[in-house]
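Worksheet for the structure shown next.
Here is the naming used below: chain letters follow the sequence lines, and residue numbers restart at 1 for every chain.
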Amino acid sequence: MTEKYNAKALQDKWKPVWQKAGIYKTSDDRNKEKFYCLDFFPYPSGNGLSVGHLRNYVPTDVVSRMKRMQGINVLHPMGWDAFGLPAENFAIKQGVHPTVSTAKNANNYKRQLSLVECGYDWDREVNSSEPIYYKWTQWFFLLLQKRGLAYKAKGAQWWCPDCCTILANEQVEQGKCWRCESLVEKKELEQWYFKIRDYADRLIDDLELINWPDRIKKMQENWIGRSEGSEVIFKAVNPSTGLEAEIPIFTTRVDTIFGVTFMTIAPENPLTEKLVTPENKASVDEYIREALRKSEIDRLSTEKEKTGLPTGSYAINPFNGDKIPVYVGDYVLASYGTGAVMAVPAHDERDYAFAKKHNLPIKIVIAPPDADKDNLPELYTEYGVLLNSGDFSELSSEQAILKMNEWLESSGNGTKKINYRFRDWLISRQRYWGAPIPMVNCEKCGSVPVKEEDLPVLLPDIKEFKPGVNGKSPLADIPEWVNTTCPECGGPAKRETDTMDGFACSSWYFLRFINPKLEDKPFNREDIDFWLPVDLYVGGAEHAVMHLLYARFWTKVMYDAGLVSFKEPFKQLRNQGMMLAADGTKMSKSKNNVITPDEMVEKYGADALRAFILFLGTFELDVAWSDEGIRGMNRFVNKVYDMVSANIPAGSNKTDSKSEADLKRMIHKTVKAVSNDLENFSFNTAVARLMEMTNMMQDCLKESGFSATAIWKEAVDTLLKLLAPITPFLAEELWEMVGNKGLVHTQKWPVWDEKELVETVITMPVQVNGKLREQIELDADATAETARKIAEEQPKVQKHLEGMEVVRFIYVPKRMVNFVVKPAK
RNA sequence: GCGAGGAUGGCGGAACUGGUAGACGCGCUGGAUUUAGGAUCCAGUGGGAAACCGUGCGGGUUCAAUUCCCGCUCUUCGCACCA
């Protein structure tokens, strides 16, 4: 008996060989078809990789390997999303500089990826926190700024009064700071924004161009939240002060406007203050303070009762001149539409609830189609027919909306309007660990961009990088860095001290992999034209809106600027499912149930781990880790090793045995199935097919002398080539052992011949009334008559035909036969 | 509430344009080997003694439905007072 499979020995043996051969290097050959395969830009966390991450990295590696063997020019790079809050927080916790901790973490990721032999072209490694990289992130900022897509504005953000810092939305839990648990509040700060809203329609429309999961496309659409309606201007009067103001409101149901009985404005709306009358001031002020303190979760809860107070002012409905009271209510969002709504209790559930509570009138102006006009429902929210609506009565809702919009525009009381739910992208971060925003504030010239030739604006190397006080970045405390000269007038000026959101770095990294070292531009146009867009993009569904939306936005800006020739960066997107712990809960450090690649490679080797990750379940769905399962995969790897090594193919004689024909068909069947399965992300079935083929090969070996046949040699070679992307070490070792030349990974991927798949004799089911009764062996091209004759001869079939009349006989060639019978008279 | 998925043995999961449901693996049972355990190998494994029954539930179309249609239940995931 030959030696046993030894994972560690094979890993040590082949890694240096492959490295030397450079099998993962991207070729410069422009005549070959290209394939750009990309994994989501990972933040190298201090925890390192768990086996869960491998559900992302192993599949892309497998596909890349197959494509390479198919003679395709593959680009499969890796880099680090190293800037950002998590990296900075980790560094603060560890008490080291983020440059040090991110480098260490990235190296650990790299080591772990190599452990399972995920083959990247490491010559193209990028790190978003290095000046050579973020110089271009800043350059893109200037591009957006130049194109009028970057602006500075006051915006309310979560502020923790104890930590003296702005918090990101996800750092606020139940209205409290995640660190010190003090109540957070909104604070106005001047911030930089990107005008992503200008691209809203294109971000929706171009979803058609890409092959992404419908779920993700839908999520982006919902996030953008396009909504067509009308903007109507109500005139408001404060009876105490005599102040007049215009309150614009947004509505999608202008057809209900004759039913308006009050109006509600958001507490944050600046108009609130102006409209509140002296006798209401105390209570309204208190209400506003209360509202500002509430967490978003509390305020937006649908279950919550609708609270509000009268301001004392009234507004005038431009359609009918009705005077209606103006309320302040926190169920109206300041950030959506105009921060004020018209309220139609009869035709909107929220308004209805509010009206009931505050005893406000309900005026019915829409009747359901075919409704009894004398008995109309008090609340009806669908489209219908208008009544009590002046000249617009009797119109359908659809018609009324058109006509009313026309009236609004001609009378100057409003306009047709499209609203979007999502906000412009706030990119300012008052933190140290990010790309400095390349702007300078000059007393004379205002906000001035840094000159391109002065990029990068280097992040100063400082010891104290904890979030600063007063909502300012720690950079603000470094006068020698802050104080500079104005690029316009040369006078004294101060640098912008905020850094950019980490999502800016990941909005263009897929372009940098093409020319990672280029110093005078972000990328080379010719190379971009060849490699982009990304053909296959794989990562978790948690980035469905943020990163994927931002990257699409930047790409469109670059397209408009003539920098690239494609509108969408990622042609095909796939999301892997999560890896849960064996008990079905999430893997987490605190629960101490994280399984690492390190321990599994140690125990079973990279081959078994890779194959198991693929086999465990459907790619897109969540699966639970299984210790028994990987042992089974270990069995399979050993089985293949033993079978091949103990039966070194001689490839000499030929037999005419049935096994030979069956095995030949199995070879072609497996090549076809595995090729298609890997292409379609059906990795679990691809592994299953390889197991089936192995099982059959073992059956064949029961015939003595089979391993000397030519077909055995063909089967072994094919099996090893198909296994190569999945279990690279096993395949390479056996490839050498059976005496083949060269590396298995540089072999040509096998192709199947449809002709070899055709079976001449079919095992065919015989049904009586749709129920399986017997199976017969039948020539594939048998006629219906022959099939029927043979089927009728079967005793088991006869039993069921006895005393019956055959009403119909169905023959589907190569599939089945069916007798339709009924009792004979 | 809105939107998108999903429901198949003890478990993870297969099944092409409707055509032998349960591929493949785990687990389990029996056997071989072993001082024993583990590991390995061989055989069996949806339920039922059988007729038959079986793809969440109830209908329908069809010679034939996991697959198509109608009506439900449960479940996962997004979004959630967006006017």
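As rounded to the nearest Å, C52(B) and G38(B) have C1' atoms that lie 43 Å from one another. Distance noted for atom P between G12(B) and G19(B): 25 Å (whole Å). Spacing between A15(B) and U8(B) at atom C1', rounded to whole Å, works out to 10 Å. For the C1' atom pair drawn from A14(B) and U66(B), the interatomic distance equals 11 Å after rounding to whole Å. Nucleotides G54(B) and G9(B) have their P atoms positioned 14 Å apart, rounded to a whole Å. Spacing between A39(B) and G27(B) at atom P, rounded to whole Å, works out to 8 Å. C2(B) and C70(B) are spaced 22 Å apart, taking the C1' atom of each and rounding to whole Å. Of the P atoms belonging to G18(B) and G58(B), the separation is 25 Å, rounded to the nearest Å.
OP1 or OP2 of A83(B) has not a single side-chain nitrogen or oxygen of Thr264(A) nearer than 4.0 Å. Residue Thr381(A) has no polar side-chain atom (N or O) positioned under 4.0 Å from OP1 or OP2 of G1(B). For the OP1/OP2 pair of G25(B) and a distance below 4.0 Å, the side-chain nitrogens and oxygens of Asn695(A) include at least one atom meeting the criterion. Dashed line: the shortest gap from a side-chain N or O of Tyr336(A) to OP1 or OP2 of A83(B) is under 4.0 Å. In this structure, Asn684(A) reaches the A14(B) phosphate: one of its side-chain N or O atoms is under 4.0 Å from OP1 or OP2.
Nearest-nucleotide positions on RNA chain B for Trp223(A) and Asp699(A) put Asp699(A) closer to the 5' end. Nearer the 5' end of RNA chain B, as judged by each residue's closest nucleotide, is the contact made by Gly629(A), out of Val545(A) and Gly629(A).
Crowding of Glu398(A) atom CD: a count of heavy atoms from other residues, nucleotides or ligands under 6.0 Å exceeding 12. Within 6.0 Å of atom NZ in Lys363(A), more than 12 heavy atoms from other residues, nucleotides or ligands are found, so the atom counts as buried in its surroundings. The local environment of CH2 in Trp752(A) is crowded, with over 12 non-hydrogen atoms from other residues, nucleotides or ligands closer than 6.0 Å. Within a 6.0 Å sphere centred on CD of Glu602(A), other residues, nucleotides and ligands contribute 12 heavy atoms or fewer. The neighbour count for Glu349(A) CD, taken as heavy atoms of other residues, nucleotides or ligands under 6.0 Å away, does not exceed 12.
Remark: P of C2(B) and CE of Met219(A) are 19 Å apart, rounded to the nearest angstrom. Taking atom CZ of Arg631(A) as the reference point, atom C1' of C26(B) lies 10 Å away to the nearest angstrom. The distance between atom OH of Tyr327(A) and atom P of A83(B), rounded to the nearest whole Å, is 24 Å. Atom CD in Glu802(A) sits about 17 Å away from atom P in A51(B), given to the nearest Å. The separation between Lys218(A) atom NZ and A80(B) atom P is 16 Å, rounded to whole Å. The CZ atom of Phe615(A) sits 7 Å away from the P atom of G25(B) (whole-angstrom rounding). If you take CG of Asp622(A) and P of C77(B), they are 9 Å apart, rounded to a whole angstrom. Spacing between atom CG of Leu690(A) and atom P of A23(B) amounts to 18 Å, rounded to whole angstrom units.
No contact: Gly337(A) has no heavy atom under 4.0 Å from any strand. At the heavy-atom level, His800(A) lies under 4.0 Å from the strands shown only through sugar-phosphate atoms. Among the atoms of the strands shown, only primed sugar atoms or phosphate atoms (P, OP1, OP2) are found under 4.0 Å from some heavy atom of Arg773(A). Residue contacts shown for Asn638(A) are absent, as no nucleic acid heavy atom lies under 4.0 Å away. Looking at heavy-atom distances under 4.0 Å, Arg215(A) makes contact with sugar-phosphate atoms alone, never a base. Within the 4.0 angstrom heavy-atom criterion, only backbone atoms of the sugar-phosphate kind lie near Thr251(A); the bases stay farther away. Val341(A) comes within 4.0 angstrom of a base, heavy atoms only.
With respect to the salt-bridge test (charged N to carboxylate O, under 4.0 angstrom), the residues Lys789(A) and Glu793(A) qualify. Between Arg788(A) and Glu785(A) there is no salt bridge, since no side-chain N of the basic residue sits under 4.0 Å from a carboxylate O of the acidic one.
Classification of the Phe809(A)-Tyr811(A) ring pair by plane angle, with boundaries at 30° and 60°, yields parallel. Between Trp425(A) and Tyr550(A), the two ring planes are parallel [angle under 30°; tilted spans 30° to 60°].
Taking a pair as Watson-Crick or G-U with both hydrogen-bonding distances under 3.5 Å, the stems of three or more pairs touching RNA chain B are B:1-7 with B:73-79, B:10-12 with B:24-26, B:27-32 with B:40-45, B:56-60 with B:68-72.
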Close N/O contacts between protein and nucleotides 16-21 of chain B (under 3.5 Å):
from: C16(B); atom 1: N3; to: Arg815(A); atom 2: NH2; distance (Å): 3.0
from: C16(B); atom 1: N4; to: Arg815(A); atom 2: NH1; distance (Å): 3.3
from: U20(B); atom 1: O2; to: Gln775(A); atom 2: NE2; distance (Å): 2.8
from: U20(B); atom 1: N3; to: Gln775(A); atom 2: OE1; distance (Å): 3.4

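A side chain to side chain donor-acceptor pair (under 3.5 Å) with Tyr352(A) holds for exactly one of His347(A), Lys306(A), Glu378(A); it is Glu378(A).
Among the nucleotides A83(B), A23(B), G13(B), the one closest to any side-chain atom of Val623(A) is G13(B). Checking G25(B), A43(B), C63(B) against every side-chain atom of Lys702(A), the shortest atom distance belongs to A43(B).
Rounded to the nearest 0.5 Å, atoms CE (Met342(A)) and CD1 (Ile247(A)) are 13.5 Å apart.
Gly308(A) and Tyr327(A) get closest at one heavy-atom pair: C-CD2, 4.5 Å.
Between the side chain of Arg635(A) and the base of A39(B), no donor-acceptor pair of N or O atoms lies under 3.5 Å.
By the rule that a glycosidic angle within 90° of 0 means syn, G48(B) does not qualify and counts as anti.
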